Amino acid sequence: MLREAPELEAKALFEWLSEQHGGSYDEGQLRTFQRHVRRWRALVRTGEGSLLSQEHRPGVRMETDFTCLNSLGMTVGGEPFDQWLCHSVLTYSNWQWGTLCLSESLLALRKGLQAALVQLGHVPVEHWTDNTTAATHELSGDEQGRRGFNGSYLKLVEHFGVAPHTITGPNPTRTATSSRPTGRSNGD
């Protein structure tokens, strides 16, 4: 379906699939589905047959994203231990750092970003996040659905001296490196 209508948004496609296959999908799977659609778009060739390129330069771009780890089934004292991973990646070198957190929140992002920067020993020029979290973006968007950065996130990136950027889902040249599975990961 995406080949015939590449302008389709992942959420609209997810809703259509949910209707077609009643009960097979739930809202908790939407974000994972959006990531898969972004990844697919990044791998697909353009109409001219050339691969979509991304230019990465050393020390410039860090991407941060959250991943829910609850499906791992961890327990503490026999009780479920729900947690998230705040995952940061330098897109040029694929250097990575992960910080465990309890939710996808501004506090968790602050903790994860600071831990990554301390471990790295360098502050990149740009910090990229997707716009699916209220930790970085306003809750409501404009007429086209675009959401601006919230004031708390802007203060955070100003404190660290990095320029905020949004990884946009429908644009395949802006696929989150931090959402891609890799063979390496560092954690604290």
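Given the structure is predicted, the values throughout are model-derived calculations rather than measurements. Only heavy atoms go into these numbers, but all of them, side chains included; no hydrogens, no water, no symmetry mates.
- With sequence neighbours left out, the side chain to side chain donor-acceptor pair (under 3.5 Å) criterion links Ser105 to Ser103.
- In this structure, NZ in Lys111 is found 13.5 Å from CG in Leu106, a value given to the nearest 0.5 Å.
- Looking only at side-chain heavy atoms (C-beta outward), Trp84 and Thr67 stay at 4.5 Å or farther from each other.
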Could you pull out all donor-acceptor pairs under 3.5 Å where a side-chain atom in residues 150-163 meets a protein atom, sequence neighbours excluded?
from	atom 1	to	atom 2	distance (Å)
Asn150	OD1	Ser152	N	3.2
Asn150	OD1	Tyr153	N	2.7
Asn150	ND2	Ala134	O	2.8
Asn150	ND2	Ala135	O	3.3
Tyr153	OH	His127	ND1	2.6

**Prompt:** Between Arg35 and Asp130, does a salt bridge (Lys or Arg N to Asp or Glu O under 4.0 Å) hold up when you go through it step by step?
**Reply:** CA-CA 10 Å; Arg35 288 182 182 135; Asp130 63 24; 5.1 Å; no
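- Remark: Leu102 CG is loosely packed, at most 12 non-hydrogen atoms of other residues, nucleotides or ligands lying under 6.0 Å away.
- Hydrophobic clustering, with ILVMFWY side chains joined whenever heavy atoms are under 4.5 angstrom apart, groups Leu90 together with Val123.
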**Message:** For Lys11 and Trp16: C-alpha separation, side-chain torsions, deciding distance, then whether side chain to side chain contact (heavy atoms under 4.5 Å, CB included) applies.
**Reply:** CA-CA 9 Å; Lys11 184 172 183 177; Trp16 181 83; over 6 Å; no
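- Considering OG1 of Thr99 and CZ of Arg110, their distance stands at 14.0 Å, rounded to 0.5 Å.
- For His165, there are no side chain to side chain donor-acceptor pair (under 3.5 Å) partners, not counting sequence neighbours.
- Residues satisfying the side chain to side chain donor-acceptor pair (under 3.5 Å) test with Glu15, not counting sequence neighbours, are none.
- Checked against side-chain contact (heavy atoms from CB on, under 4.5 Å), Glu19 has no partners two or more places apart in sequence or in another chain.
- For the residue pair Gly112 and Cys86, the shortest heavy atom distance occurs at CA-SG, 3.8 Å.
- Using a 4.5 Å heavy-atom cutoff, the side chains of Leu109 and Phe66 are in contact.
- The pair Glu104-Arg31 meets the salt-bridge criterion, with a side-chain N (NZ, NE, NH1 or NH2) lying under 4.0 Å from an Asp/Glu carboxylate O.
- What you find for Ala10 and Phe33 is that their closest heavy atoms are O-CE2, 3.4 Å.
- Scanning for side-chain contact (heavy atoms from CB on, under 4.5 Å) contacts around Val125 gives Val60, with sequence neighbours left out.
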**Message:** Please evaluate residues Thr129 and Thr64 with respect to the criterion side chain to side chain donor-acceptor pair (under 3.5 Å), reporting the C-alpha separation (whole Å), side-chain torsions for both, the decisive distance (0.1 Å), and the verdict.
**Reply:** CA-CA 5 Å; Thr129 60; Thr64 301; over 6 Å; no
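- In this structure, Leu85 is a member of the same hydrophobic cluster as Met74, with clusters built from ILVMFWY side-chain heavy atoms closer than 4.5 Å.
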**Item:** Audit row: Trp97, Leu117, side chain to side chain contact (heavy atoms under 4.5 Å, CB included) steps and yes/no
**Value:** CA-CA 9 Å; Trp97 190 259; Leu117 296 176; over 6 Å; no
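- A distance of 7.5 Å separates CG of Leu72 from CD of Gln83, quoted to the nearest 0.5 Å.
- Counting heavy atoms from C-beta outward, Leu30 and Phe14 have side chains that approach closer than 4.5 Å.
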**side chain to side chain contact (heavy atoms under 4.5 Å, CB included) evaluation trace for Thr91 with Trp128** = CA-CA 10 Å; Thr91 60; Trp128 291 73; over 6 Å; no
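- Under the 4.5 Å side-chain heavy-atom criterion for grouping Ile, Leu, Val, Met, Phe, Trp and Tyr, Met62 is not connected to Tyr92 through any hydrophobic cluster.
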**Request:** Take Phe81 and Leu69 through the side chain to side chain contact (heavy atoms under 4.5 Å, CB included) test and state the conclusion after the steps.
**Result:** CA-CA 9 Å; Phe81 181 57; Leu69 302 177; over 6 Å; no
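- For the pair His87/Asp65, no side-chain contact is recorded, criterion being any heavy-atom separation below 4.5 Å from C-beta on.
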